[in-house]
2 protein chains.
Amino acid sequence: MARIKTEKNGSRKDVIVSKAATLFREKGYKAASMRDLAEAVGVEAASLYNHIKSKSELLHELVFNVANRFVLKMDEIESEPISSLQKMEKLLRFHISEMIHNYEEVYVSDREWKHLSDPYLSNYQNQRRVYRKRIAAIIEEGIRNKEIKAIDAPTVVLIFLHAVSGIESWHRSTKKISAEELEQNMVAILIDGLKANH
Amino acid sequence: MARIKTEKNGSRKDVIVSKAATLFREKGYKAASMRDLAEAVGVEAASLYNHIKSKSELLHELVFNVANRFVLKMDEIESEPISSLQKMEKLLRFHISEMIHNYEEVYVSDREWKHLSDPYLSNYQNQRRVYRKRIAAIIEEGIRNKEIKAIDAPTVVLIFLHAVSGIESWHRSTKKISAEELEQNMVAILIDGLKANH
DNA sequence: GGGAAAAGAACTAACGTTTATTCGTGCTAA
DNA sequence: TTAGCACGAATAAACGTTAGTTCTTTTCCC
């Protein structure tokens with residue numbers, strides 16, 4: 001009867017959620033079974049239910065953890081007295097950093113949120129819509145100030161968000177450049193692509 | 001006993017594969033059941049097996065149809081006597097066009113290939129790796145010719161491919177700009193971001 | 001052209017698995 | 001000693017798929 005080993009200051013539930021993130025990333029939410037998860041945790045499937053309510057709880061825990069971090073950062077950036085282009089760069093760097101250091105959770109949130117069930121699903125979709133509008137607003141401000149070239153803001157948002165999620169491939173690749181180089185390269189391409197031609 | 005209605009010159013299997021693409025996009029491969037698919041087609045689940053061998057056949061049919069189209073276009077572009085930057089622009093426009101006009105299939109191929117089973121899985125992963133290397137080679141040539149700014153080519157590839165897959169959001173959005181505008185905007189940002197500063 | 005034979009495509013019923021989850025019991029750390 | 005936690009066994013529902021049968025369309029010979 002081997003107990004789940006916790007990190008110090010971490011609950012057993014935390015261990016399960018964390019292993020779930022890895023598993024959901026590898027196989028997808030639907031394809032990852034509770035028996036798979038149990039094996040990864042080192043315990044029988046039934047035992048998981050001493051710590052969590054359901055499989056779906058694991059998903060929405062993951063998703064909203066990530067979503068909250070992003071909203072919090074957005075609050076911070078919006079209130080800073082810097083140019084729109086600088087805001088975009090800060091935001092981009094944050095997204096990149098999250099994707100590098102909290103890979104599993106962020107990736108799962110991005111790809112598996114469809115499997116949330118209401119009310120979490122509509123709640124999440126709402127948050128997402130609002131978040132994108134906030135990015136678009138920064139871009140539109142930059143266009144008005146002629147810092148950013150005049151292009152459709154929602155299109156920029158879409159390129160931005162998805163380009164960052166490409167870091168997934170970087171994680172998997174064998175001969176990686178360093179995280180710092182990766183960040184620098186992405187910023188170079190995307191922020192330069194935004195700049196108005198003077 | 002309602003038969004599956006075919007387009008002219010199309011088999012019943014084609015109808016099933018096409019509906020499967022839509023369903024796999026909406027719910028994901030694993031979450032989409034054969035009973036769901038049967039309902040979409042207008043028939044009982046068992047009847048599907050008069051036309052297809054298995055659920056997984058549907059997936060690899062979709063995936064390799066798409067993959068082959070991309071490889072073919074790559075062959076064509078590689079052999080053209082144009083600059084690297086022009087090649088990248090052509091490739092980008094092709095990716096965008098595919099994503100706009102063959103949305104369901106392309107999207108499914110991109111997101112659900114993990115659920116392929118061997119030998120299709122390793123085959124696909126191979127093709128994918130080669131394809132990315134071919135893009136990287138174009139970029140590296142452009143860097144040597146000083147058309148493209150000196151950045152890590154694999155990073156560009158990653159941004160490139162994922163940015164395009166962002167068109168998914170465009171499809172879903174309600175107040176869309178036109179397909180032409182979308183294409184123009186994406187080219188503006190990405191190709192401009194590549195250009196060497198002279 | 002009309003009618004029998006063959007082929008195609010649908011049905012219902014059931015199969016064996018796998019799924020997430022619950023229950024009651026007993027071990028073990030605090 | 002008690003509360004927490006892991007266990008094996010069991011559940012119902014859903015899954016992909018097969019079997020056997022029936023209906024419908026096409027093919028082909030007279």
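A sub-4.0 Å separation between OP1 or OP2 of dC7(D) and a side-chain N or O of S47(A) is present. The side chain of H51(B) contributes no N or O atom lying less than 4.0 Å from OP1 or OP2 of dG8(C). Note on R3(B): every side-chain N or O is 4.0 Å or more away from OP1 and OP2 of dT25(D).
Within residues 20-31 of chain B, no residue has any heavy atom under 4.0 Å from DNA chain D.
Both tests hold for K55(B) against Y29(B): distance to the six-membered ring centre under 6.0 Å, angle to the ring axis within 45°.
Crowding of K87(B) atom NZ: a count of heavy atoms from other residues, nucleotides or ligands under 6.0 Å exceeding 12.
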Can you list, pair by pair, the side-chain donor-acceptor contacts under 3.5 Å of residues 89-99 of chain A, counting residues two or more places apart and other chains?
unit_1 : atom_1 : unit_2  : atom_2 : d
E89(A) : OE2    : R93(A)  : NE     : 3.2
E89(A) : OE2    : R93(A)  : NH2    : 2.9
K90(A) : NZ     : E80(A)  : OE1    : 2.8
K90(A) : NZ     : E80(A)  : OE2    : 3.4
R93(A) : NH1    : E183(A) : OE2    : 2.8
H95(A) : NE2    : Y131(A) : OH     : 2.8
S97(A) : OG     : H101(A) : ND1    : 3.4
E98(A) : OE1    : R69(A)  : NE     : 3.0
E98(A) : OE1    : R69(A)  : NH2    : 2.8
E98(A) : OE2    : R69(A)  : NE     : 3.3

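Ring geometry for H60(B) versus F64(B): interplanar angle over 60°, hence perpendicular rather than tilted (30 to 60°).
The residue R12(B) sits close only to the backbone: its heavy atoms come under 4.0 Å of sugar-phosphate atoms, none of a base. Within 4.0 Å (heavy atoms only), A38(A) reaches no atom of the nucleic acid at all. Residue E44(B) is in base contact, counting any heavy-atom pair closer than 4.0 Å across all strands shown.
Only one option out of I148(A), N145(A), I139(A) pairs with L85(A) in a side-chain contact (heavy atoms from CB on, under 4.5 Å); it is I148(A). Of the options E105(A), K27(A), E104(A), a side-chain contact (heavy atoms from CB on, under 4.5 Å) to T22(A) is made by E104(A) and by none of the others.
The distance between atom CG of L37(A) and atom P of dT18(C), rounded to the nearest whole Å, is 18 Å. The interatomic distance linking D14(B) (CG) with dA9(C) (C1') rounds to 16 Å, in whole Å. Remark: C1' of dT21(C) and CD1 of I52(A) are 10 Å apart, rounded to the nearest angstrom. Rounded to a whole Å, the CG atom of N50(B) is 12 Å from the C1' atom of dT22(D). If you take CG of L48(A) and P of dT22(C), they are 12 Å apart, rounded to a whole angstrom. Separating the CE atom of M34(A) from the C1' atom of dT22(C) is a distance of 13 Å, rounded to the nearest angstrom. When the P atom of dT19(C) is taken as reference, atom OH of Y49(A) falls 12 Å away, rounded to whole Å.
Side-chain N/O atoms of R35(A) and base N/O atoms of dA20(C) include a donor-acceptor pair closer than 3.5 Å.
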